Structures are given as C-alpha cells and as structure tokens.
Engineer: 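Here you go, one structure.
Numbered from 1 within each chain, the chains take letters A, B, ... in sequence-line order. Note that the coordinates shown come from a computational prediction; the quantities given were computed from them, not determined experimentally.
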Amino acid sequence: MRISRLFGRTQREIPAEADTVSHRLLLKAGMIYQVASGIYSYLPLALRALRKIENIIRDEMDAAGGQELMMPVLQPLELWQQTGRDQAFGEGLFVLNDRRDRRLCLGPTHEEVVTRLASQYIKSYRDLPLLLYQIQTKFRDEPRPRAGLLRVREFTMKDLYSFDIDEKGLDLSYNKMLKAYQRIYARCGLPALFVEADSGAIGGKDSHEFMVIMDTGEDEIIYCSHCQYAANSEKACCAKGKGGGEAPLPLEEVATPGVTTISDLSDFLKVSPDHIIKAVFYAADGDLVFAVIRGDLEVNEVKLKNILKCVELHLADEEEIRRAGVIAGFASPVGLLNIKTVVDDSVIPGVNFVAGANSPETHLKNVNYPRDFGSDVTADIARACAGEQCPKCGGKLLATHGIEVGHIFKLGTFLSKKLGAFYADPDGIDRPVVMGCYGIGIGRLLAAAVEQNHDDQGIIWPLPIAPYQVHLCPLYRENTGVAETAEKLYSELVSAGFEVLMDDRQESPGVKFNDADLLGIPIRVTVSQRTLKQDSVEVKKRSEKESQLVPLAEIAGKLWELIDEGMSALPNQV
RNA sequence: CGGGGUGUAGCGCAGCCAGGUAGCGCACCUGAAUGGGGUUCAGGUGGUCGACGGUUCGAAUCCGUCCACCCCGACCA
C-alpha cells in the first residue's frame, strides 16, 4: 500500500477530550473515527490489525475443535424473555419494534440464539461435546461509553459456546478454552493474567477473566503476593480471621453523644474497628435491605447484589432510611424487625462487638451473633482490599488494575433447561446440555495492545497484529535514483510476500519519520541518497533505537529473519 | 441517572464579559526554494458560529428550551 493512496491521515493535533493513550494514538494515526458516543468507524489500517487478531483467534478456536458459524444480530425479544435475561441486561439491551410492532433486540451476546439452535441438532450424547463460535457484532447500550475503543456500544466479539454432557465435560471444554485463550494473547503480543471473576448479567457459576495489567485499567484486581490467587475485586475474597475466643458478656448500653462514624466510635470507646459492627442500608429493587459487616470491612455491592438476586441495588438515601424508622449513625441489627438482613460471615465468629442501639446517641457493647440478632442470610459480602490476607494461603493481598480482554463462564444448565436443549443419555433418558461460553472483544484487545505497546512517538505494533510488516520510507530527492530504487524494492518485496506500506509522499524526512513512528509498523526500511551510495538501505525496528545498513541484495533475507523473530517472540505469561 | 465541563472550517483554538462585515495555527490546493526527525516563503479553498425560539434596527456574543460530546460517579461484558 502506498501512503499517498491510503485512506486516513495522521493528525498533528487530536481532540482534547481523548485522554486515554490508545484512544489518542489511534485517532492521531487516523485509524479510527468516532461516529457517536461509543460508536466508531475503523479505517483501513485499524481494520487490518483487527483482521489479524481475528485470524489468530479463529486459528486457535479451530485448533481447539471449534466450528465457526454466524448468527443474527437482530433477535426476537421473546427469546430473551424466555430466559429472563432481558431483565438482567435491563437498559443495556437495545430494543426495537419492527413494522408489525414485533419486539426485537440487537444481540448483546448470543446464548439464547445459539442454545435454541443447538437444541435443534443435539439429540444424543453422541452429538457432544460441541463447540460453536462466531466473530460478529454485538450491541450493548453502555451507561457510559469511554476511553475510545475500550468501552463501546457496538463492537466485534468472538463468542464461543460449549455444549457437554456433564460437569466433567464442561471442565474439559473450559480448560481447552483457557489454554486457547492463553495462546491467543501470547500470539497477539499481550501478556494476560487469568483471574477469578463475577459472572454478572451472563449468569452461571465459575467465571474467569483475562486481564492485561495496566495502571489505567478500569478493573481492579486483587492478587496474592505469595500464591497464584488473583481475582477481580468484584469477586475477590480475603481471610477475615477467627475472632477472639473470649466468653460472651451481657449486653450493655453506653451513651455515645455525637459519635456516628466507625473511627469516632473506635476512638471514643477505645475498641478497634474490627470489634465494631457496621450497619449499611441498601435499596434492592425498591426494598430496604440491611447489610451487617465488621467495622474494618466494606460491603462489596456486586456480591450483595448476587445474594439478593436483585436487578437494581443502591445505597439507601436518608429518606428511605428514615421511612424504615432507623436512626442513621446509631443503626443496629439488634432489635430490628421487618427488614431483610444480610450478615457478612466476618461477624459470625466474633465476640462482644460494639453496635448501634437504634436509639439516639447510644451504642451497645457486647453484642453477639446469633444471641442478640438474627439474619435472613449470612454470606461473604465483604470487599477484599490490598493489605488483607489471601483466602488461599494467608499471604498478603495486593491490588493492581487491568483491562478485561476476555471472559469465560461455566454456565451449567440454566439456559438449556429454559430453552429446551436436552440430549438422550446412553440409557435413553433426556438430560439438559451443560453449557459454557467464552468471549473476546476484538476492538478492546486491539486498544489494549496499543495501551501496552507504545512510546511517546506512537504505536509499536507487535508483529503478529501489525497492519503491515514493513514501512518502506524513501527520502526523495530529484535525480538521485531514490525514487526508482524505492519503487523497484517495493514491487520486489510485495511480490516476495511481504506486507509493505510505502511512504511515497513528497514530504520532508522529519514528517515521514514522525508518521512512521506514529503508525508503528514494526520494521522501517529507509532508502535515501546516503544509503544508496553504499548500495544499501537502512533497517530499523520500531521497538529499537538503533538502525543498521543492509546491502540491497540482502534485504529480503534480513526482513524474513526479523519477521520470523517478531512472529515467534511470545511474551511470558504474567 | 447525579455532579462537572465543552460545542465557532477536517483538527487545535481566539472572539462572547462590553451586540455592529467571523479570525489564528495545523491540515488541504497552487507555485518556488529546501532535503536524515513535524523546513521556509508567497498566494488560495473551506464555516447554516450545535439546534430551535425570544430580546434587538442588528445576535457567535444577551435570555430561554432542547440536543450532542467529554470527564468523575452510579451502573455496566
């Protein structure tokens, strides 16, 4: 490709609102164009990189036994109502009516469609296992699209669905995908960390995410400094300790005028926060819920939401709390009636806690569970934080951030039961198919690759996903033979099978070098009067500072060598 | 949805407070010189000033309503 003919132009200045690195660089390089909030056009260079990522993914999916198919974006809403997931996705689902007022939606994912499809063809245990996938456009009406391609409303996704006879089969499929995913990220030049995750609106049991570690990533990851434990903070757990072993003492009221926060209370009564019970009120689908947790911990709202199985959860406001007859600052599970109470398991082993008294300016000492208060549910609803203990080994937990570039789920049978995907086992008995699903956002992977591989000058594409392999950069000057040599070299390299982008513009060397750095093609070949004096060209890797002179006769061999090296340099897993 | 911000040429911005012929830089077109890290000079093209309504002799500018986009949060794969 000749840059003079390439659609898309590099910019010197970029929109002020872009402040994420990948967003800025992709805009500046003229690779993407924003159409509306969270909706982008991909220009030819970006599309070539996307296609390369897709092909790597396709390659790995096929190698793992997946079969590619294509399902529709437009789906009957009825299908979603059957599984109830129209509610789970809520406003994230793009819904529309056709001319006869039939309700349709734009698929945010394809479990419903694929399960219904699979149910038509899976009849016997002999038809399983089955792995089906597609690479296709998804629509999600995100509350807040942001950061360029990192969170958008329309995007290309590879989604694979596994169908197995039982949990054991699912585990095998799940592991197969896990391995395939690790190979995909490695081949894309992206080290990705495998972490435990919450399954969110997709539903199901086990779920893991692949994270590219990045300070600016929007997900928080909690991991152990000692063992392999790593989890999204939405899912992460921590060891909470065993509690005192003291004998329970009788309940005692203490006056605590004006003391309403945990730290005030801790100072006032000279007790540490982990001996205080904290009361937090939430509204879950409109109903008041009381979350009870140890004073040194915070409530993880994702966990709470999962336990309550509610669609909407938010901190109750003052009005909602007052209506329930509770006194903020002195609230307590003791003596509380008619409010659903969820107790964190941190409170269970503890003894002689301080808690609110549900009357003004008063707290209670020596509160014990279950002697003094009950619960509707006890569960882990605590947010794990850096500095706490690993739930697996007791080591110190640390926190970092990451970009989610893949998510895999063990779905189980809830969808196959609802949508009628059953198979006959060897005894002829119908059993629900056991499902898993596995997704990678292609555009986000591209953006993450840019986030991970760039410098102040621009993008540094990993070779396997670079739009082109070679950036041919002739520094034109009349009557020097540079133009002729470059043209000849260009056609030779192209016919030899190299992917070459040639900067054939009449621009100054500075402009060309800056654009070359911005576009980030891995290997730059400069042809100039200076190099031709030695019958050579200059070869430079985008990732390195130094360049070397290579005789014209040896250029193809040198390029093959560099490309082989770049294609096989798989980064180690984090 | 709550808070904050921005809409003037493809991009970056000034002009608005104090109403009176819409400007600058980049990009783009023409010409000349230059030629290894955004080179210089000269001449050009391009704008319903986000939309609608109001005030006024006159609105980019004042007032109102709406819309779009961005950031933080809520929320969300």
Engineer: Any luck finding a side-chain donor-acceptor pair between A:Y438 and A:H407 under 3.5 Å?
Structural biologist: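 No donor-acceptor contact under 3.5 Å links the two side chains.
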
Engineer: Got a salt bridge between A:E112 and A:K418, using NZ or NE/NH1/NH2 to carboxylate O under 4.0 Å?
Structural biologist: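 Looking at A:K418 together with A:E112, the answer is no, because their closest N to O distance does not fall below 4.0 Å.
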
Engineer: Check the distance between B:rG12's P and A:L27's CG and give it to me in whole angstrom.
Structural biologist: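 Atom-to-atom, A:L27 to B:rG12, this comes out as 10 Å.
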
Engineer: Without decimals, in angstroms, what is the distance between A:H23 NE2 and B:rC11 P?
Structural biologist: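 In whole Å, B:rC11 P lies 13 Å from A:H23 NE2.
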
Engineer: If pairing requires Watson-Crick or G-U wobble contacts with both distances under 3.5 Å, which nucleotide is the partner of B:rU61?
Structural biologist: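 Matched B:rU61 with nothing under the 3.5 Å cut-off.
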
Engineer: Cut-off 3.5 Å, no hydrogens considered: what does the side-chain donor-acceptor table look like for residues 465-476 of chain A, sequence neighbours left out?
Structural biologist:
residue	atom	partner	partner atom	Å
A:Q469	OE1	A:E499	N	3.1

Engineer: Partners of A:D517 by side-chain hydrogen bond (donor to acceptor under 3.5 Å, both in side chains), sequence neighbours excluded?
Structural biologist: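 Per chain and number, A:D517 pairs via side-chain hydrogen bond (donor to acceptor under 3.5 Å, both in side chains) with no residue.
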
Engineer: Whole angstroms only, please: what is the CZ-C1' distance between A:F94 and B:rA77?
Structural biologist: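 Distance, rounded to whole Å: 14 Å.
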
Engineer: Quick one: salt bridge (Lys or Arg N to Asp or Glu O under 4.0 Å) partners of A:D164, sequence neighbours excluded?
Structural biologist: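 Not a single residue meets the salt bridge (Lys or Arg N to Asp or Glu O under 4.0 Å) criterion with A:D164.
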
Engineer: Can you tell me the base-pairing partner of B:rU34? Count Watson-Crick or G-U wobble geometry only, both distances below 3.5 Å, and say none if there is no partner.
Structural biologist: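 Result: none.
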
Engineer: Encode nucleotides 35-51 of chain B as B, S and - characters from 5' to 3', where the letter depends on protein heavy atoms closer than 4.0 Å: B to the base, S only to sugar-phosphate, - to neither.
Structural biologist: BBBBS------------

Engineer: What is the distance from CD of A:E154 to C1' of B:rA77, rounded to the nearest Å?
Structural biologist: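 Between C1' of B:rA77 and CD of A:E154: 16 Å.
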
Engineer: Run the salt bridge (Lys or Arg N to Asp or Glu O under 4.0 Å) test against A:R2 and tell me which residues pass, sequence neighbours left out.
Structural biologist: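 Partners of A:R2 by the salt bridge (Lys or Arg N to Asp or Glu O under 4.0 Å) criterion, ordered by chain and then number, come out as A:E487, A:D504.
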
Engineer: When you measure from every atom of RNA chain B, which of residues 34-51 of chain A have a heavy atom less than 4.0 Å away?
Structural biologist: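 Going residue by residue through residues 34-51 of chain A, the ones with a heavy atom under 4.0 Å of RNA chain B turn out to be A:Q34, A:A36, A:S37.
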
Engineer: Restricting to side-chain contact (heavy atoms from CB on, under 4.5 Å), what partner residues turn up for A:Q81, sequence neighbours left out?
Structural biologist: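 Expected list: A:L77, A:E78, A:D86.
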
Engineer: Which nucleotide sits closest to the side chain of A:R9: B:rA77, B:rC28, B:rC11?
Structural biologist: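 Looking only at side-chain atoms, A:R9 lies closest to B:rC28.
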
Engineer: Both A:R444 and A:Y33 contact RNA chain B. Taking the nearest nucleotide for each, which residue is further toward the 5' end?
Structural biologist: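 Nearer the 5' end of the strand: A:Y33.
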
Engineer: Find the distance A:E218:CD to B:rA77:C1' and express it as a whole number of Å.
Structural biologist: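 In whole Å, B:rA77 C1' lies 10 Å from A:E218 CD.
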
Engineer: List for me each residue that meets side-chain contact (heavy atoms from CB on, under 4.5 Å) alongside A:A421, sequence neighbours excluded, and say none if there are none.
Structural biologist: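 With sequence neighbours excluded, A:A421 shows a side-chain contact (heavy atoms from CB on, under 4.5 Å) to A:T115, A:S119, A:S416, A:V433, given in chain and number order.
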
Engineer: Before accepting this row, confirm whether a basic side-chain N of the pair A:R183/A:E60 lies closer than 4.0 Å to the acidic partner's carboxylate O.
Structural biologist: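 Yes, charged N to carboxylate O under 4.0 Å.
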
Engineer: With centres under 5.5 Å and planes under 30°, do A:F89 and B:rA77 count as stacked?
Structural biologist: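 A stacking contact does not exist, since A:F89 is not both close and nearly parallel to the base ring of B:rA77.
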
Engineer: For A:A197, which contact category applies under a 4.0 Å heavy-atom criterion: base, sugar-phosphate, or nothing?
Structural biologist: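 A:A197: no heavy atom of the nucleic acid under 4.0 Å.
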
Engineer: Sort out the partner of B:rU48 for me: Watson-Crick or G-U wobble, both distances under 3.5 Å, none otherwise.
Structural biologist: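 Looking at the geometry, B:rU48 pairs with no nucleotide.
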
Engineer: When you get a sec, tell me which of B:rG25, B:rC75, B:rG73 is the closest nucleotide to the side chain of A:P143?
Structural biologist: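 Of the options given, the side chain of A:P143 lies nearest B:rC75.
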
Engineer: Got a list of side-chain donor-acceptor pairs under 3.5 Å for residues 439-451 of chain A, not counting sequence neighbours?
Structural biologist:
residue	atom	partner	partner atom	Å
A:R444	NE	A:L150	O	2.8
A:R444	NH1	A:E404	O	3.0
A:R444	NH2	A:L150	O	3.1
A:E451	OE2	A:S22	N	2.9
A:E451	OE2	A:S22	OG	2.8

Engineer: Within this structure, what is the CZ-to-P distance between A:R151 and B:rG73, rounded to whole angstrom?
Structural biologist: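 It is 12 Å, rounded to the nearest whole Å.
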
Engineer: What is the distance, to the nearest angstrom, from the CD atom on A:E404 to the P atom on B:rA77?
Structural biologist: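 These atoms are roughly 9 Å apart.
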
Engineer: Specify the separation, in whole Å, of atom CZ of A:R153 and atom C1' of B:rC75.
Structural biologist: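 Going from A:R153 (CZ) to B:rC75 (C1'), I get 15 Å.
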
